[in-house]
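When reading the values below, keep in mind they use all heavy atoms of this one structure, side chains included, and skip hydrogens, waters and symmetry mates.
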Amino acid sequence: MSPPPPPTMKSLDALHNPSEVESGNAAVKNVDDDGREKRTGTFLTASAHIITAVIGSGVLSLAWALAQLGWVAGTVILVTFAIVTYYTSTLLADCYRAPDPITGTRNYTYMGVVRAYLGGKKVQLCGLAQYGNLVGVSIGYTITASISLVAIGRANCFHKNGHGAKCSVSSYPYMGTFGLLQIGLSQIPNFHEISFLSIIAAVMSFSYASIGIGLAIAKVASGKVGKTTLTGTVIGVDVTASDKVWKAFQAVGDIAFSYAFTTILIEIQDTLRSSPPENKVMKKQVLWESQPQLCFTSYVVALDFANVCIAIHLIGAYQVYAQPFFQFVESKCNKKWPENIFINKEFSWKIPFLGKWRVSPFRLVWRTNYVILTTFIAMIFPFFNSILGLLGALAFWPLTVYFPVTMHIAQTKVKKYSGRWLALNLLVLVCLIVSALAAVGSIVGLINNVKKYKPFKNID
């Protein structure tokens with residue numbers, strides 16, 4: 001067996017020979033217990049990552065979801081998803097290390113966690129669900145950002161020419177601009193180095209959320225409020241009976257998508273320093289982060305500044321979801337072609353005001369092409385946001401419920417057919433049924449949008 005790389009060897013020396021650390025060996029001090037570069041993530045940076053992940057296209061669609069379901073069912077479903085997500089996320093956080101949640105071996109990705117606890121074909125199923133969702137989010141965020149920028153262009157047109165003017169603004173230039181920005185930001189080497197981007201995005205999230213809530217309060221105070229109902233859209237007035245059912249199911253899918261941060265929870269947890277224990281920090285995070293959706297259901301984002309904030313937030317959110325996929329592909333290529341200079345070589349590149357960046361030829365080519373592809377898909381399929389509900393439905397059950405619960409059972413050795421075992425499996429079954437209904441509703445909604453789709457028309 002070939003010897004481990006120097007960083008790993010040094011970390012082992014530190015574990016078995018305390019004098020190595022006491023002697024002030026800088027190399028030892030700069031690596032973690034797994035031999036990798038010392039992690040510096042904190043509660044604050046994890047908060048920024050999760051807020052950026054949570055408040056995106058999914059949350060912005062909650063107003064529509066509540067309109068379909070009504071205040072009663074909508075609120076109940078929203079709270080239920082929050083409780084389930086919080087519970088299963090705490091189970092998942094405990095699985096970051098295996099077999100012990102405090103002292104076990106680190107797992108750097110969601111697939112790695114599933115491999116450690118379950119193995120077999122479930123690893124591939126996890127990868128398919130996770131990375132398929134991440135690619136879909138990249139496309140959806142490109143569309144959502146362009147919609148916000150189009151809204152600014154239209155608002156400026158109305159201000160200039162009056163509200164009776166025909167202000168048709170193409171979204172394609174905005175999608176292209178968004179894509180160019182992402183090509184540059186995608187060269188950030190890894191998830192550990194995008195904390196600054198997530199912090200900016202999180203600030204933008206709170207900015208447009210505050211504006212939306214303020215506008216909603218002002219609207220209610222003015223007394224000029226449209227008709228609302230406890231049961232949502234009215235059959236025979238707003239929708240047909242069948243439309244009511246399918247749109248309600250699609251709305252459930254949208255709510256599921258808004259809790260998609262569990263898709264990258266392990267990757268976020270892997271950025272945290274080891275003290276205090278990573279699982280304890282993440283549990284505090286998910287307790288707080290599973291609640292924001294309850295505060296953002298009254299969005300009435302009508303100001304230019306709010307739309308700018310949304311666009312800036314989505315710039316960061318794109319990277320939060322794209323980086324795990326980038327690293328998955330690059331890790332696979334590194335292992336398959338370890339001697340290939342094009343894939344493995346890095347160069348230092350000094351950028352004005354930004355300092356030195358590590359640039360890899362392969363990373364430059366592959367990530368640039370990824371952004372170009374997702375931007376192109378967003379341009380030719382601008383109704384892609386209709387798929388977000390489907391993505392939420394397909395990803396929620398395996399990534400938020402099934403795998404965390406199944407790994408928890410394996411980790412804690414829950415006795416088969418015991419009361420706890422039955423309760424956990426009942427939760428998995430119920431969530432599977434809900435996700436299946438949400439998927440069906442989203443597919444029906446998608447089919448209806450495809451029928452109405454006229455390519456190469458402006459998106460308003």
Side-chain angles (χ1 to χ4, degrees), residues 7-8 10-12 14-15 21 28-54 85-118 123 126 130 134 189-199 202 259-292 319-321 323-324 327-328 331 399-401 403-412:
T8 304
K10 289 177 182 177
S11 67
L12 290 174
L15 287 173
V21 178
V28 173
K29 288 183 178 179
N30 288 328
V31 296
D32 271 325
D33 55 355
D34 59 349
R36 292 197 172 191
E37 185 177 351
K38 203 167 190 67
R39 295 159 177 82
T40 58
T42 63
F43 182 89
L44 175 63
T45 59
S47 296
H49 288 318
I50 297 180
I51 290 171
T52 301
V54 168
T85 301
Y86 166 68
Y87 176 66
T88 58
S89 294
T90 60
L91 302 183
L92 183 58
D94 279 337
C95 294
Y96 167 64
R97 288 178 180 263
D100 185 86
I102 304 294
T103 61
T105 303
R106 296 174 186 267
N107 295 287
Y108 311 119
T109 65
Y110 202 139
M111 280 184 70
V113 172
V114 174
R115 183 179 291 108
Y117 283 98
L118 304 177
V123 179
C126 171
Q130 182 187 19
L134 297 184
N190 54 56
F191 203 106
H192 300 259
E193 299 182 34
I194 63 170
S195 295
F196 77 96
L197 201 57
S198 289
I199 291 172
Y259 285 100
F261 69 89
T262 50
T263 306
I264 54 173
L265 187 142
I266 293 297
E267 284 77 2
I268 294 174
Q269 190 166 345
D270 189 50
T271 67
L272 295 173
R273 60 182 60 163
S274 56
S275 180
E278 306 92 348
N279 64 328
K280 292 184 179 180
V281 175
M282 288 307 294
K283 286 179 181 180
K284 291 179 182 177
Q285 281 301 320
V286 296
L287 174 61
W288 185 48
E289 305 298 351
S290 60
Q291 301 175 47
Q319 286 301 313
V320 167
Y321 278 99
Q323 283 288 340
Q327 289 163 41
F328 167 73
S331 175
L399 299 177
T400 302
V401 182
F403 285 123
V405 169
T406 307
M407 290 189 293
H408 171 72
I409 291 174
Q411 182 188 51
T412 58

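- Taking all atoms of both residues into account, the shortest heavy-atom contact from L197 to Q319 is CD2-CG, 3.7 Å.
- Side-chain contact between V113 and F403 is absent, with no heavy atoms from C-beta onward closer than 4.5 Å.
- Listed for the T88 side chain is a donor-acceptor partner under 3.5 Å among the backbone atoms of T400.
- Side chain of R39 to main chain of S274: no donor-acceptor pair is present (N/O by atom type, distance under 3.5 Å, no hydrogens or angles).
- Of all heavy-atom pairs spanning R273 and E278, the tightest one is O-CG, 3.8 Å.
- Taking the side chain as every heavy atom from C-beta outward, L92 and I266 approach each other to under 4.5 Å.
- Using a distance-only test at 3.5 Å, with no hydrogens or angles considered, a donor-acceptor pair links the side chain of T45 to the main chain of T42.
- Taking 4.5 Å as the limit, every side-chain heavy atom of H49 sits out of range of all side-chain heavy atoms of E267.
- Side-chain atoms of Q269 never come within 3.5 Å of backbone atoms of Y96 as a donor-acceptor pair (strictly under, hydrogens ignored).
- Counting all heavy atoms, side chain and backbone alike, I102 lies closest to P277 at CD1-CB, 3.7 Å.
- Considering every non-hydrogen atom in both A93 and N279, the closest pair reads O-CB, 3.5 Å.
- Checking Y108, Y110, F191 one by one against P324, the side chain to side chain contact (heavy atoms under 4.5 Å, CB included) holds for a single residue, F191.
- Residues passing the side chain to side chain donor-acceptor pair (under 3.5 Å) test with H192: none are found, sequence neighbours excluded.
- Rounded to the nearest 0.5 angstrom, Q130 CD and F328 CZ are separated by 9.0 Å.
- Minimum interatomic distance between Q323 and P189 (heavy atoms only, all atoms of both residues): OE1-O, 3.9 Å.
- In this structure, S198 contributes its side chain and S195 its backbone to no donor-acceptor pair below 3.5 Å.
- We find the CZ-CG distance between R97 and D270 to be 9.5 Å, quoted to the nearest 0.5 Å.
- Here the shortest heavy-atom pairing between P404 and L91 reads O-CB, 4.0 Å.
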Legend entry - CA sep, side-chain torsions, deciding dist, call: I50, M282, side chain to side chain contact (heavy atoms under 4.5 Å, CB included): CA-CA 10 Å; I50 297 180; M282 288 307 294; 3.8 Å; yes
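- For the residue pair Y117/N107, the side-chain donor-acceptor check at 3.5 Å is not satisfied.
- Contact annotation: the side chain of D32 approaches that of K38 to within less than 4.5 Å [non-hydrogen atoms, C-beta and beyond].
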Inset, instruction - Could you walk me through whether E37 and N190 pass side chain to side chain contact (heavy atoms under 4.5 Å, CB included), step by step? - result: CA-CA 12 Å; E37 185 177 351; N190 54 56; over 6 Å; no
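- Side-chain contact between L134 and I264 is present, with at least one heavy-atom pair separated by less than 4.5 Å.
- A distance-only check finds a donor-acceptor pair linking the side chain of T90 to the backbone of Y87 [under 3.5 Å].
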